[in-house]
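Report on one structure; see the data block that follows.
Labels below follow one simple rule: chain letters A, B, ... track the order of the sequence lines, proteins then strands, and each chain is numbered from 1. Remember, it's a predicted structure, so these values are computed and weren't measured experimentally.
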Amino acid sequence: MAKGIETMSENNFKVTYEPLNVEETIKKVADRNAGAINTFIGTVREMTNEKKTLKLTYDAYVPMAEKKLAQIGREIAADIPEAKIAITHRIGELEISDLAVVIAVSTPHRADAFEGSRYAIERIKEIVPIWKKEHWQDGEMWIGDQLETTSYPEGKPLYKEATEDD
Amino acid sequence: MAKGIETMSENNFKVTYEPLNVEETIKKVADRNAGAINTFIGTVREMTNEKKTLKLTYDAYVPMAEKKLAQIGREIAADIPEAKIAITHRIGELEISDLAVVIAVSTPHRADAFEGSRYAIERIKEIVPIWKKEHWQDGEMWIGDQLETTSYPEGKPLYKEATEDD
Amino acid sequence: MIKVLLFAELEEKAGQREIEYDMEEVSVKELRNKVQEDFPNITGMERAMAALNEEYAGEDTPVHKDDLLAFIPPVSGG
Amino acid sequence: MIKVLLFAELEEKAGQREIEYDMEEVSVKELRNKVQEDFPNITGMERAMAALNEEYAGEDTPVHKDDLLAFIPPVSGG
């Protein structure tokens, strides 16, 4: 039953400066026994509450970020052995509507695909060393820094609902 | 707040004999204020329990099916006014791994995108006049027909968890 | 003419997708019975939903000349 | 040498991503204090998670010569 894990190469979990291609990430999870593929795409949104974003800069601790993305893949496959997972995260300078992250999860049945994809995005926001800098008309700030309440448990942060303004 | 509805043309809800293109459906929901796009793709799975599918044939009552897909879009937008929705369903003869349906839902925040996309696939399985014929090694059958328990309430079937073998 | 549409297994058993009836007014229920009489080998008519002019309709809905009535077996798209 | 990496706001305030310390063994906590001393204008060190050789590590974990210790401010990817 470890098929999903075997067929998920390191190549399924990437951090890149290149613009993201959704089809490419989806192709990595193709499987004759997949009946469902859920794809989550995070895009650069212009307005957050009353604040207008001009652009974003993402930075990452690349080798560790790719390891942590692969760990998320293994966590999902531990729950859903038939799942295949691929995650690509872009870094560098992003404009409004650019794709920041593409997650694809294929499973035999649809409920698992939704669940795996949702788990992946929540975990990315907890354990993957990638940072976003917001550029507004009146300034800029590394996000995360403003969240005085954010703290990490030792080693492996637990799954929790992240705030929806991320 | 009816922006999502205004910008969703009839063109967002299509039944077609052509192979599906995921990027094309995603493009229809692009929005400067989308921070999240959830895409659900239904694919032709080879094995269901012990049974091996050779291919599928989908048929539809096309004009009504497109109307019902558009209705599902309106139902989602009634709940999430900023949502943009596009659904394309393929009919005709499909091979293993072919895409049968592509749903894309963009929203400012990710929880809504997941919810809208999930709602759409469940509703498709309830109210959209599209039928699947399974071709196995030892025979073929219009699916739905075998579900002796399936019955429709008058007019507008209610949302419920559909069986996961669909 | 009232045009009746059959789909999926209904169509397969009837051997045709369209039937035309020269009627002025009739209820959905009456048309359902008529189809079953005319095509006795159809199975599953009792599980089919009716759609009048592309909108789901109840059993007592009147169907008139030039209307389009479709019988929709349990759907299985997605 | 022990190499220390700083990211995001930590890097911006320090003005550099990498620091090298000529030490044989030291705890994560001691290195955290050392960085704060050497770069007094850094804010948020106390909220940063430590990662030793690309794996999250607790405060008392020993760091040796040739190890790589990263300070990871609250992440905001996705």
Side-chain angles (χ1 to χ4, degrees), chain A residues 15 40-44 56-72 87 89-91 99-103 120-134 140-157 162-166, chain D residues 1-21 26-33 35-36 39-64 66-78:
Chain A
V15 173
F40 178 81
I41 303 166
T43 57
V44 179
L56 292 184
T57 311
Y58 279 95
D59 197 6
Y61 180 13
V62 176
M64 181 169 168
E66 291 186 340
K67 275 189 190 175
K68 289 289 142 187
L69 292 177
Q71 176 188 322
I72 292 170
I87 307 174
H89 203 299
R90 187 174 170 193
I91 56 173
L99 315 190
V101 63
V102 177
I103 297 165
I121 183 63
E122 303 301 338
R123 281 297 264 170
I124 286 170
K125 290 173 181 289
E126 288 171 358
I127 67 165
V128 180
I130 298 178
W131 301 272
K132 168 166 85 171
K133 188 181 197 171
E134 287 262 11
E140 53 183 46
M141 186 187 278
W142 283 103
I143 303 303
D145 186 62
Q146 64 188 3
L147 303 172
E148 301 269 338
T149 53
T150 303
S151 68
Y152 292 83
E154 294 291 292
K156 190 175 167 181
T163 61
E164 268 297 323
D165 265 3
D166 294 356
Chain D
M1 289 295 201
I2 290 171
K3 196 189 272 184
V4 172
L5 296 178
L6 303 174
F7 292 96
E9 220 212 345
L10 305 179
E11 175 184 6
E12 210 163 81
K13 290 279 173 64
Q16 60 196 86
R17 175 167 289 202
E18 296 187 22
I19 315 166
E20 292 201 327
Y21 288 113
V26 62
S27 74
V28 167
K29 191 191 299 179
E30 287 161 340
L31 267 178
R32 190 188 292 272
N33 293 337
V35 170
Q36 185 71 73
F39 300 88
N41 63 327
I42 288 185
T43 54
M45 270 303 279
E46 72 289 354
R47 290 197 305 279
M49 186 74 187
L52 178 62
N53 301 324
E54 306 177 357
E55 225 11 282
Y56 289 111
E59 286 304 283
D60 299 326
T61 311
V63 183
H64 299 94
D66 297 330
D67 277 345
L68 181 60
L69 189 80
F71 286 105
I72 313 272
V75 305
S76 51

Fill in: chain D contact via A/Ala60 - which portion, at a heavy-atom distance below 4.5 Å
backbone
Fill in: A/Ile121 versus chain D, the contacting section by heavy-atom distance below 4.5 Å
side chain
Item to complete: Report the distance from atom CD of D/Glu12 to atom CG of A/Asp59, rounding to the nearest 0.5 Å.
Response: 10.0 Å
Response to the item:
Rounded to the nearest 0.5 angstrom, the OG-CE distance for D/Ser76 and A/Met141 is 11.5 Å
Worksheet item: Does any N or O in the side chain of A/Trp131 come within less than 3.5 Å of the main-chain N or O of D/Phe7, such that one atom is a donor and the other an acceptor?
Response: no
Fill in: Test log, rule side chain to side chain contact (heavy atoms under 4.5 Å, CB included), inputs A/Met64 and D/Tyr56
CA-CA 10 Å; A/Met64 181 169 168; D/Tyr56 289 111; 3.6 Å; yes
Fill in: Non-neighbouring partners of A/Lys67 that pass side-chain hydrogen bond (donor to acceptor under 3.5 Å, both in side chains), sequence neighbours left out
D/Glu54
Worksheet item: chain D heavy atoms under 4.5 Å from A/Tyr58: which part of the residue, side chain, backbone, both or neither?
Response: side chain
Worksheet item: Distance from D/Leu5 atom CG to A/Tyr61 atom OH, nearest 0.5 Å?
Response: 5.0 Å
Worksheet, complete the sentence: Applying a strict 4.5 Å limit to non-hydrogen atoms, the region of D/Leu68 in contact with chain A is side chain
Item to complete: Indicate the atoms forming the closest heavy-atom contact of D/Val75 with A/Ile124, along with that distance.
Response: CG2-O, 4.0 Å
Response to the item:
With chain A, the option among D/Ala50, D/Gly78, D/Ala51, D/Ala70 that has the most non-hydrogen atom pairs under 4.5 Å is D/Gly78
Practice prompt. Could you give me the CA-CA distance, side-chain angles and deciding distance for A/Trp142 and D/Leu10, then say whether side chain to side chain contact (heavy atoms under 4.5 Å, CB included) is met?
Written response: CA-CA 10 Å; A/Trp142 283 103; D/Leu10 305 179; over 6 Å; no
Practice prompt. Rounded to the nearest 0.5 Å, what's the gap from NZ on A/Lys133 to CD on D/Glu9? Could you check?
Written response: 9.0 Å
